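The structure under discussion appears below in the form of structure tokens.
Quick caveat: nothing in here was measured; it's all calculated off a predicted structure.
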Amino acid sequence: MTPPTPTAWLRGAGSIPFGRHEGQGPIDLMAAATRQALESSGLARGDIDGVLCGYATTLPHLMLSTLLCERLGLAPRYAHGMQLGGATGAAMLMAARELVRAGRCRNVLVVAGENRLTGQSRDSAIQTLAQVGDADYEVPNGASVPAYYALMASEYMQRTGVTRADLAEFAVLMRANAARHPEAHLRTPITQAEVLASKPIAAPLSLLDCCPISDGAMALVVSAEPGPHAPIRMAGAGQAHRHQHLTAMADVMQCGAGEAAAQAFTEAGLAQADIDYLGIYDSFTITLVMLLEEIGFAPRGGAAARARAGDFAPTGALPLNTHGGLLSFGHCGVAGGMGHAVEAWRQMTGQAGERQIRAPRRAFVHADGGVMSSHVSLILSREN
């Protein structure tokens, strides 16, 4: 008889405030988040036998995972660095789950951090991020990441009827959520009118449709056993990769998010109706709208209507990114995307402080990398 597959649990989490951290490099930031994650998981450094580390554009070391281990005094049996754009954090969590389920590791540290705000010039950051484009057909035309998303947004809005005012609903919601989080980068409340009147970046996207660039770090521990908090099982996961470059996107309505989500739901044995918390990647307002609608948490062109009805508010049926998401909590590369999973874990274990909602039982987390290029879905389940 085949033995049951071991269960992987989210055991602990750590983070540092997003924003400006002068004089601190990626290793410093990751070390601070790691110390928190170990403390919350009830584990010692010697208990960590696996390390998965996200890349940092300000420290492009070829062996960043083992450099981190050296600096932190870790001696894992398995170490690996990963690069998948904004999907990296979720992909690392999925890989950590597979390492634990396979019996290769018992306690895997998943960590990322970067001084993306203070560790490089603005021009350098723009140049680095622009390389996500095709070297022959896109980069030579001077496009930036916001321009790629703006082109995609133009077609999606034309086909679905989504308006700039619809997009603004999510910028306002994310800022309202971030205002309740002491570690968020942007906490000043904003209005829909302010979003619509903000500086144009790449039509139809304005400044407040775009996430800020931040310094910060996040860490999570995936283990073979639950820790001292409510047991959070990694119940399902899925990936999909249909294109890399915008010019290779076959259909703006089917980017791969729905496919990744379907895999995760099938594996977890759950349906969308079972989910009571959402952590959805939101590098731009259009990112969030497209993901919500492709995955099926709102009909095409209908995400803003659900937002206006209060469904995605902290008190709604499907609380969304209660930490403020990338749009307001901040974005420092890989750790920015990990923030959605960290917040889901904190809400599910009742550790969200003043922004605590009714502790969710089933959370859906989704991240994308590139220009809606790589998709990773995770389903978390509270087992008590």
Side-chain angles (χ1 to χ4, degrees), residues 6-18 21 23-84 87-116 119 183 215-229 232 234 332-339 341-342 345-346 349 351 378:
T7 299
W9 307 86
L10 275 186
R11 180 169 179 144
S15 65
I16 65 169
F18 275 32
H21 290 274
Q24 295 190 56
I27 298 295
D28 303 312
L29 300 172
M30 286 190 280
T34 295
R35 285 191 289 270
Q36 280 192 30
L38 290 176
E39 182 178 355
S40 74
S41 67
L43 296 172
R45 296 190 184 201
D47 295 320
I48 298 297
D49 55 2
V51 173
L52 297 178
C53 180
Y55 67 93
T57 60
T58 57
L59 183 60
H61 196 283
L62 292 177
M63 300 175 64
L64 190 56
S65 62
T66 51
L67 175 64
L68 176 70
C69 291
E70 177 183 273
R71 299 288 175 85
L72 298 187
L74 301 174
R77 296 188 299 180
Y78 185 98
H80 189 65
M82 189 176 292
Q83 292 180 266
L84 204 63
T88 304
M92 290 195 300
L93 288 169
M94 182 176 176
R97 171 179 177 264
E98 301 313 309
L99 287 169
V100 168
R101 283 157 55 98
R104 173 67 63 180
C105 300
R106 291 193 61 78
N107 299 298
V108 181
L109 171 68
V110 177
V111 61
E114 188 170 355
N115 57 336
R116 188 168 283 193
E183 297 183 356
D215 297 337
M218 294 278 176
L220 286 152
V221 177
V222 178
S223 296
E225 297 178 355
H229 310 288
I232 308 301
M234 301 186 70
C332 62
V334 175
M338 285 181 62
V342 169
W345 181 82
R346 285 178 172 160
T349 56
Q351 299 181 77
L378 303 171

Could you pull out the closest heavy-atom pair between [X] and [Y], with the gap in Å?
X	Y	result
A219	V342	O-CG2, 4.2 Å
A112	M92	CB-CE, 4.4 Å
R116	D215	N-OD1, 3.1 Å
D49	C105	OD1-CB, 3.4 Å
A335	A217	CB-CA, 3.8 Å
A8	V222	CB-CG1, 4.0 Å

Neighbour count >12 (heavy atoms, 6.0 Å) for atom CD, Q351: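 For Q351, atom CD is crowded (more than 12 foreign heavy atoms under 6.0 Å).
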In Å and rounded to the nearest 0.5 Å, what is the [atom1] to [atom2] distance from [X] to [Y]?
X	Y	atom1	atom2	value
N107	R45	CG	CZ	15.0 Å
R71	T34	CZ	OG1	13.5 Å
Q24	I16	CD	CD1	6.0 Å
E70	S65	CD	OG	11.5 Å
L38	L74	CG	CG	7.5 Å
L64	M30	CG	CE	4.5 Å

Test item: F18 and M218 side chains (from C-beta on) under 4.5 Å apart, heavy atoms: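 With C-beta onward as the side chain, the pair touches.
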Side-chain heavy atoms of S15 within contact of R346, under 4.5 Å: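 SC-SC contact between S15 and R346 confirmed.
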Any donor-acceptor N/O pair, [X] side chain to [Y] backbone, under 3.5 Å:
X	Y	value
W345	A13	no
N115	G25	no
R11	V221	no
E114	T58	yes

Test side-chain contact (heavy atoms from CB on, under 4.5 Å) applied to L29 and C332, step by step: CA-CA 11 Å; L29 300 172; C332 62; over 6 Å; no
Intermediate values then yes/no, salt bridge (charged side-chain N to carboxylate O under 4.0 Å, His left out), E98 and R104: CA-CA 9 Å; E98 301 313 309; R104 173 67 63 180; over 6 Å; no
